[in-house]
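As structure tokens, the structure follows; a few thoughts come after it.
Protein chains get the first letters and strands the later ones, always in sequence-line order, with residue 1 at the start of each.
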Protein chains: 2
Amino acid sequence: MKDKIRIVLVDDHPVVLEGLSNLIASVDDFVLMGKCQNAMDAMAVIRSQLPDVVLTDIHLPEVNGIDLTHRIKTEFPFIVVLGVSTFQDRSYVSEMIKQGASGYLTKNASPEEIVLAIRKALKGELAIGPISELPGLPFISSESGPVLTRRETEVLRLIADGLTNKEIADKIFVSQSTVDSHRKNLLTKFGVLNTAALVANAAKTGKI
Amino acid sequence: MKDKIRIVLVDDHPVVLEGLSNLIASVDDFVLMGKCQNAMDAMAVIRSQLPDVVLTDIHLPEVNGIDLTHRIKTEFPFIVVLGVSTFQDRSYVSEMIKQGASGYLTKNASPEEIVLAIRKALKGELAIGPISELPGLPFISSESGPVLTRRETEVLRLIADGLTNKEIADKIFVSQSTVDSHRKNLLTKFGVLNTAALVANAAKTGKI
DNA sequence: TTAAAAATCCCCTAAAAAGGGGAGATCAAA
DNA sequence: TTTGATCTCCCCTTTTTAGGGGATTTTTAA
């Protein structure tokens, strides 16, 4: 049937792939065009099958779901991409949307929610899972953490690597005062009181 | 058939549940006795169905896989418990084994590996996934980070929450010196020089 | 019951971070 | 061209952490 919705799955976990493909098989007008465990395979399958929808995990080996989304949307802007993530990955979701994804689902979404999200996305709507349940939220805000400048991100990562301000200063060729300032700004931006909470939050929001 | 291997699944992700149950259905001498999304349901099903094997996720809402394993093995020592984990959860695996689990699988294991692991575990062997592929390793080493005591884990999480030693001391009703000691031990165990690297490593190895 | 392991507590000093303030230089976008 | 953001740098003080010891009491597992 030419009018069926053609879907490609990308996830490095076989059981997730299995679960999703079963789900797709159970829907009349869905047809599975391919199951891939990495971005490279996915691009190959997408080029040959030209699906309507790609459901992709965010954590993938080598090339991640965000970059994959970017590549898909660059080559095939008409393909609808949906991210599939676990709770922890939510911070990456806004990145995916930026790359042109039409939404995301958490892996613990019910089959009905998943089918619904795919249909929603095909209609051009943004299909966001759990988060949209909270009305009034300014669309992915809190979970993704504050917006950092290039330098702040750099300093943050060096902090997480265990360097002291002095060491960071030497490494990036600025004075210790500067690093001090960046660090203070990081604390302020994250709304925390010390390094521990800073690094924990940074890890949680995928900044390091 | 009374001689089939009776299996109960526990995982809060429906798609994983779906994938695993399909896998089980495809094996002649396996029979699925129940699919549960949390530890409470699991205990109820286990009590009524008395399965041979329980496959459980480690991350579960409310009561986690480790505690669930403990409860199962306490009530029904003869039941074989296998952990199902993602890469990040490896650190918890040794905990599960301590509680009596017969092994673990990562969610990206192939169907064959999963079936094999179940059979292995039933024969009384320890069924460890990917890690056992590396011979000579002293069982769960690198990626999972150091083994922490209960108190250390507790202190580590409070550190990551941004509490100072003084605040932690007040919270867990010990002197600041004690918290100081725990913190120092944490640094030593993780092989790092400061809080930032500690928290970053803890996050990376799934301890927080 | 006994030996480890864990948890508790204390001393000391030095180093690093936090918290407060301010301020000039650079650069991109409006 | 001016504004706003970023990056840079400095002062100060207090708090917290790190690093080096050591020691006692509970727990826990063999």
Worksheet, complete the sentence: Shortest non-hydrogen pair, A:Ala196 vs B:Val199, comes out as O-CG1, 3.6 Å
Discussion item. I'd like to check B:Thr178 versus B:Arg151 (side-chain heavy atoms, cut-off strictly below 4.5 Å). Are they in contact?
Written reply: no
Practice prompt. Rounded off to whole Å, could you give me the CD-to-P distance for the B:Glu152 and C:dA6 pair?
Written response: 7 Å
Worksheet item: Between C:dT8 atom C1' and B:Arg151 atom CZ, what is the distance in whole Å?
Response: 9 Å
Practice prompt. Find out whether B:Val53 and B:Ile5 are in side-chain contact, i.e. whether some heavy atom of one side chain is under 4.5 Å from a heavy atom of the other.
Written response: yes
Discussion item. From C-beta outward on B:Ser175, which listed nucleotide comes closest to its side chain: C:dC9, D:dA18, D:dG19?
Written reply: C:dC9
Discussion item. Please report the distance, rounded to the nearest Å, between CD1 in A:Ile168 and P in D:dT8.
Written reply: 13 Å
Response to the item:
Sorted by position of nearest nucleotide on DNA chain D, 5' first, the leading residue of B:Arg150 and B:Val192 is B:Val192
Item to complete: Could you tell me the separation between the CG atom of A:Leu156 and the P atom of D:dC7, rounded to a whole number of Å?
Response: 13 Å
Worksheet item: Does B:Ser177 make a side-chain N or O approach to OP1 or OP2 of C:dC11 shorter than 4.0 Å?
Response: no
Item to complete: Can you tell me the distance, in whole Å, between the CG atom of A:Leu198 and the P atom of C:dA18?
Response: 8 Å
Worksheet item: Is B:Thr56 close to B:Leu82 at the side-chain level, that is, under 4.5 Å between some pair of heavy atoms?
Response: no
Item to complete: Ignoring backbone atoms, test whether A:Asn165 places a side-chain nitrogen or oxygen under 4.0 Å from the OP1 or OP2 oxygen of C:dA16.
Response: no
Discussion item. Without decimals, in angstroms, what is the distance between B:Ile172 CD1 and C:dA7 C1'?
Written reply: 10 Å
Worksheet item: Do A:Val10 and A:Leu55 touch side chain to side chain, with heavy atoms closer than 4.5 Å?
Response: no
Fill in: Any side-chain donor near an acceptor of the partner, B:Thr195 and B:Arg183, under 3.5 Å
yes
Fill in: Within residues 168-177 of chain A or reaching into it, pairs that qualify as salt bridge (charged side-chain N to carboxylate O under 4.0 Å, His left out) - sequence neighbours excluded
A:Lys166-A:Asp170
Discussion item. Is the phosphate of D:dA5 approached by A:Thr149 (side-chain N or O, under 4.0 Å from OP1 or OP2)?
Written reply: no
Worksheet item: Going by number, which of residues 178-188 of chain B have a non-hydrogen atom under 4.0 Å from DNA chain C?
Response: B:Thr178, B:Ser181, B:His182
Worksheet item: So which one's nearest nucleotide on DNA chain C is more toward 5', B:Phe173 or B:Asn194?
Response: B:Phe173
Item to complete: Provide, to the nearest angstrom, the distance between the CD1 atom belonging to B:Ile159 and the P atom belonging to D:dT17.
Response: 8 Å
Worksheet item: For B:Lys166 and C:dA18, what is the distance between atoms NZ and P respectively, to the nearest whole Å?
Response: 19 Å
